[in-house]
Enquirer: 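This is the structure I want to talk about, given as structure tokens.
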There are 4 protein chains.
Amino acid sequence: MIELFSEEAGVSTRIPGAAAAMRKAPRQARSRAMVDAIVEAGARVLDARGWAGFTTNEVAGVAGVSIGSLYQYFPDKTALVDAIRRRHFDAVLAVLRSAIDGRAAPEALVDGMIAIHRDFPALHRVLLDLPNPYASEAAHQAFQDEYLRLYGVVVARHRGPDDADGLAAHLLSSAIEGVIHNAARRGLLAEPGLRRELLVLICAYLDIAVTPAGR
Amino acid sequence: MIELFSEEAGVSTRIPGAAAAMRKAPRQARSRAMVDAIVEAGARVLDARGWAGFTTNEVAGVAGVSIGSLYQYFPDKTALVDAIRRRHFDAVLAVLRSAIDGRAAPEALVDGMIAIHRDFPALHRVLLDLPNPYASEAAHQAFQDEYLRLYGVVVARHRGPDDADGLAAHLLSSAIEGVIHNAARRGLLAEPGLRRELLVLICAYLDIAVTPAGR
Amino acid sequence: MIELFSEEAGVSTRIPGAAAAMRKAPRQARSRAMVDAIVEAGARVLDARGWAGFTTNEVAGVAGVSIGSLYQYFPDKTALVDAIRRRHFDAVLAVLRSAIDGRAAPEALVDGMIAIHRDFPALHRVLLDLPNPYASEAAHQAFQDEYLRLYGVVVARHRGPDDADGLAAHLLSSAIEGVIHNAARRGLLAEPGLRRELLVLICAYLDIAVTPAGR
Amino acid sequence: MIELFSEEAGVSTRIPGAAAAMRKAPRQARSRAMVDAIVEAGARVLDARGWAGFTTNEVAGVAGVSIGSLYQYFPDKTALVDAIRRRHFDAVLAVLRSAIDGRAAPEALVDGMIAIHRDFPALHRVLLDLPNPYASEAAHQAFQDEYLRLYGVVVARHRGPDDADGLAAHLLSSAIEGVIHNAARRGLLAEPGLRRELLVLICAYLDIAVTPAGR
DNA sequence: AATGAATGAGAATTCATTCAT
DNA sequence: TATGAATGAATTCTCATTCAT
């Protein structure tokens with residue numbers, strides 16, 4: 001499971017204001033386990049039932065804790081959603097970083113994204129459609145910025161540094177998101193053909209910009 | 001605005017069972033205007049406030065009609081959502097058809113999609129992630145099938161008929177969806193660069209398959 | 001059908017205040033037919049669907065008139081209920097009177113009651129359980145008084161005039177009501193055995209008082 | 001008050017499927033008291049205001065609990081009605097059983113029925129005429145069967161076993177119901193004369209069948 | 001700290017009644 | 001006069017949140 005409060009997480013991973021949303025920092029191991037269980041249950045419920053089925057009582061039930069305990073650690077539903085989102089988005093950023101660190105970026109990127117979405121196929125989509133009260137803009141913006149910055153690195157490594165406005169990064173990330181999310185919704189994530197075609201798409205797009213004359 | 005009950009709509013556009021969801025078919029001009037106003041208001045609310053802010057009273061208020069009138073035409077909330085979705089999806093299919101009819105498919109496709117999503121930037125995303133009971137499965141499946149079939153025509157025209165399993169169509173549609181929806185969410189739909197890059201992506205993907213040896 | 005506004009109805013039949021509830025006296029034949037149709041439909045709906053299904057729109061629909069026309073003749077739901085009740089209770093009183101006029105009272109009484117309840121088996125019960133806003137006490141009391149008075153005549157003819165407090169009349173009427181209504185509810189009204197046993201009950205009760213020593 | 005969840009209740013008293021209607025079984029003393037208060041309040045409201053005045057908010061208010069608490073224990077309005085009915089019908093069956101156990105059946109029967117209906121004079125009538133969806137058919141049928149069976153025992157003990165089709169039991173029960181309910185509605189339950197006359201009726205009917213030639 | 005019963009504002013839906021056509 | 005679309009108060013039910021135990 002992705003650690004929510006890992007000290008070794010990169011600095012840029014920490015979303016500002018994140019910890020502040022927690023009613024109390026869980027110092028004890030038991031508390032930490034409880035928080036993890038709640039976030040895990042929340043992700044599961046959000047993924048399986050969507051926003052409509054995502055009630056605090058349901059999450060508490062799935063987590064196996066009382067509703068009172070849930071509110072011991074999360075001041076309100078918003079804070080819980082924030083934690084779930086943070087966990088998921090951290091995982092996405094981790095995939096991006098590891099893809100950048102490796103040499104064969106596209107393959108690592110695709111495989112990592114597929115892996116993330118296999119556990120909670122619908123979660124990411126749902127998180128992107130935050131109902132109004134749950135959209136803590138600052139945190140979300142921070143994620144978006146880092147997300148696009150990392151994609152920009154990917155683009156730059158293949159296309160060169162001519163994507164000053166970040167449009168190519170935006171396009172590439174959006175297209176990949178779209179493919180992954182739709183495949184997840186239709187249960188095609190495990191399909192080898194999907195992985196192949198997505199790689200084709202990515203390479204085509206990145207190459208074409210590098211050697212536009214070559215076409 | 002897309003007419004919901006236009007007589008001149010192509011037959012194949014009508015999703016079977018669609019009209020059945022209406023409590024009563026609006027015959028008078030006034031009734032028709034009221035239904036249109038409600039659907040329009042519903043789309044606006046769903047777009048602006050998301051699923052959580054989409055309450056029947058809010059929609060009625062925005063439409064400027066009483067809540068009773070809303071329920072005169074829509075037996076319940078799901079029927080209203082269905083109508084909104086039908087309207088949007090019909091528009092999407094119309095764009096696809098018109099792009100196929102023309103010779104320069106990609107440009108028409110991209111421009112049409114951008115045009116559709118400019119009015120209600122977030123609507124389509126929300127519509128894709130409806131809570132379970134709100135999806136009248138048959139109608140939705142009918143849309144999906146037609147949607148992929150039309151994309152398949154686009155793919156076949158450029159790549160040739162070697163996409164038997166429809167994977168390329170799936171991939172292309174998903175990627176375009178992802179790009180359009182993300183751009184809509186970030187307010188980049190009017191950006192000329194976005195249009196250009198999306199065309200690059202599409203052409204790259206379609207060409208590459210046509211002449212895979214050429215790479 | 002029982003005429004609602006028959007001029008030849010006995011004076012004691014007219015419930016005071018009844019006509020006042022009508023918004024306008026239907027002078028034209030068409031109006032009168034419309035009122036009859038509405039009352040008939042109301043009885044049918046009340047009988048078949050009970051209080052919960054008895055809505056003004058439903059009654060208008062069954063009567064084949066517009067809701068506006070219904071309100072043309074009945075100022076509100078209460079007035080409609082009153083008319084239905086009046087019609088049914090008038091029929092009940094008519095049966096009682098005719099049974100008294102004949103010589104073989106019990107048979108005529110039982111047969112008449114069974115006949116009345118065969119058309120609308122549940123109506124009488126429903127009318128006895130008037131929801132609060134529909135209980136126009138004065139009219140109801142007038143019916144009750146006449147009803148018990150007539151039963152008192154039946155009792156007196158067999159038992160003699162020693163039922164000064166009307167208790168025997170009350171008992172006899174209540175018992176018959178109970179039997180008829182329960183049989184109606186269970187679909188046993190046509191059962192010959194039921195008629196026979198009810199006669200046995202009535203005769204036993206009336207005879208026993210006349211000649212208590214004879215047993 | 002009749003205990004709703006008493007452990008010592010006879011097994012045959014429990015209508016199968018009855019407890020299943022409860023959202024959660026009240027384990028704590030406080031919960032049990034709350035459920036009792038709600039059912040009690042429901043009976044009071046149904047009795048006093050009839051079906052039309054029986055709103056869940058009204059019941060909650062009379063019970064002195066919040067509407068949320070009501071729904072914590074009763075999944076919907078029908079479940080509450082079922083509980084009220086069960087309570088009343090259990091009391092009726094208990095009276096019948098105790099009357100059968102004693103030797104002087106008619107007196108015990110009449111006194112028991114009068115006692116039951118004195119608290120909520122109009123309740124039983126209303127319960128018999130519930131709108132369609134509110135009758136959990138199986139449970140209601142089970143009550144009816146047992147009810148008629150016990151009346152059949154009473155009949156058999158006095159008239160002999162010649163009521164194979166149960167018509168006499170049906171008639172006797174219906175007549176008694178009618179008398180009791182009408183008396184309750186008119187506030188005559190406490191009247192000694194009523195008790196006397198009802199006994200006369202019952203004895204007359206039962207005796208007459210035993211010695212039909214004696215008349 | 002943990003529990004889960006209790007709360008009540010808010011959302012969906014109905015239906016008696018009005019009134020413009 | 002007849003129509004039926006429009007209205008909105010009233011009703012059922014949910015779920016985020018609190019607090020007594």
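The sequence lines fix the lettering, A, B, ..., with proteins before strands; numbering per chain opens at 1. Below, each value reflects all heavy atoms present in this structure, side chains not excepted, and no hydrogens, waters or symmetry copies. Quick caveat: nothing in here was measured; it's all calculated off a predicted structure.
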Enquirer: Atom CG of Leu70(A) to atom C1' of dT18(F): distance rounded to whole Å?
Expert: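 So the CG-C1' distance, Leu70(A) to dT18(F), works out to 13 Å.
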Enquirer: As a test of reading the structure: which of dT17(E), dA6(E), dT7(F) is closest to the side chain of Ser69(B), going by heavy atoms?
Expert: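 The listed nucleotide nearest to Ser69(B)'s side chain is dT7(F).
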Enquirer: Between dC19(E) atom P and Gln72(C) atom CD, what is the distance in whole Å?
Expert: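 To the nearest whole Å, that distance equals 14 Å.
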Enquirer: When you measure from every atom of DNA chain F, which of residues 56-67 of chain B have a heavy atom less than 4.0 Å away?
Expert: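 Heavy-atom contacts with DNA chain F come from Val65(B), Ser66(B), Ile67(B).
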Enquirer: DNA chain E: Thr55(B) or Met34(A), which has the more 5' nearest nucleotide?
Expert: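 Its nucleotide being nearer the 5' end, the pick is Met34(A).
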Enquirer: For residues 62-70 of chain A, run the donor-acceptor check on the side chains, cut-off 3.5 Å, and write out each pair with its distance to 0.1 Å, sequence neighbours left out.
Expert:
unit_1: Ser66(A); atom_1: OG; unit_2: Ser69(A); atom_2: N; d: 3.1
unit_1: Ser66(A); atom_1: OG; unit_2: Ser69(A); atom_2: OG; d: 3.1

Enquirer: Looking at CZ of Arg125(A) and CG of Leu46(A), how far apart are the two atoms once the value is rounded to the nearest 0.5 Å?
Expert: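 Nearest 0.5 Å value for the CZ-CG distance: 13.0 Å.
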Enquirer: Picking from dA16(E), dT11(F), dA6(E), which would you name as closest to the side chain of Tyr73(D)?
Expert: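 So the side chain of Tyr73(D) is nearest to dA6(E).
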Enquirer: Taking the side chain from Trp51(D) and the backbone from Val126(D), do they hold a donor-acceptor pair closer than 3.5 Å?
Expert: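 No, because the side chain of Trp51(D) does not come within donor-acceptor range (under 3.5 Å) of the backbone of Val126(D).
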Enquirer: Can you give the dot-bracket line for DNA chain E, using ( ) for pairs inside the strand, [ ] for pairs that cross earlier ones, | for pairs with another strand and . for unpaired bases, where Watson-Crick and G-U count if both distances are under 3.5 Å?
Expert: .||||||||||||||||||||
Enquirer: Which whole-number value in Å describes the distance from Phe74(D) CZ to dT14(F) P?
Expert: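 Rounded to the whole Å, the gap is 15 Å.
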Enquirer: Can you tell me how the ring of His88(D) sits relative to the ring of His124(D), calling it parallel under 30°, perpendicular over 60° and tilted otherwise?
Expert: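 Rings of His88(D) and His124(D): perpendicular, as their planes differ by over 60°.
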Enquirer: Would you mind reading off the distance between Arg32(B) atom CZ and dA5(F) atom C1', rounded to a whole angstrom?
Expert: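 Arg32(B) atom CZ is separated from dA5(F) atom C1' by 16 Å.
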Enquirer: Enter the distance from Glu40(D):CD to Phe120(D):CZ here, rounded to the nearest 0.5 Å.
Expert: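 It is 4.0 Å, given to the nearest 0.5 Å.
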Enquirer: If you compare all heavy atoms of Gly42(B) against all heavy atoms of Phe54(B), which two are closest, and at what distance to 0.1 Å?
Expert: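 For Gly42(B) and Phe54(B), the tightest heavy-atom pair comes out as O-CE1, 3.5 Å.
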Enquirer: Would you mind telling me which of dA6(F), dT12(F), dT13(E) lies closest to the side-chain atoms of Tyr71(D)?
Expert: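 For Tyr71(D), the side-chain atoms sit closest to dT12(F).
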Enquirer: Taking Asp47(C) for the side chain and Gly50(C) for the main chain, is one N or O donor matched with an acceptor at less than 3.5 Å?
Expert: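 No, Asp47(C) side chain to Gly50(C) backbone: no donor-acceptor pair under 3.5 Å.
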Enquirer: When you compare the side chains of Thr78(D) and Asp76(D), does any donor N or O come within less than 3.5 Å of an acceptor on the partner?
Expert: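 Looking only at side-chain atoms, Asp76(D) and Thr78(D) do form a donor-acceptor pair, the distance falling under 3.5 Å.
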Enquirer: Taking the nucleotide of DNA chain F with the nearest heavy atom to each, does Lys77(A) or Phe54(D) sit closer to the 5' end?
Expert: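 Checking each residue's closest nucleotide, the 5'-ward one belongs to Phe54(D).
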Enquirer: Using 0.5 Å steps for rounding, measure from the CZ atom of Arg87(A) to the CG atom of Leu127(A).
Expert: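 Reported value, rounded in 0.5 Å steps: 10.5 Å.
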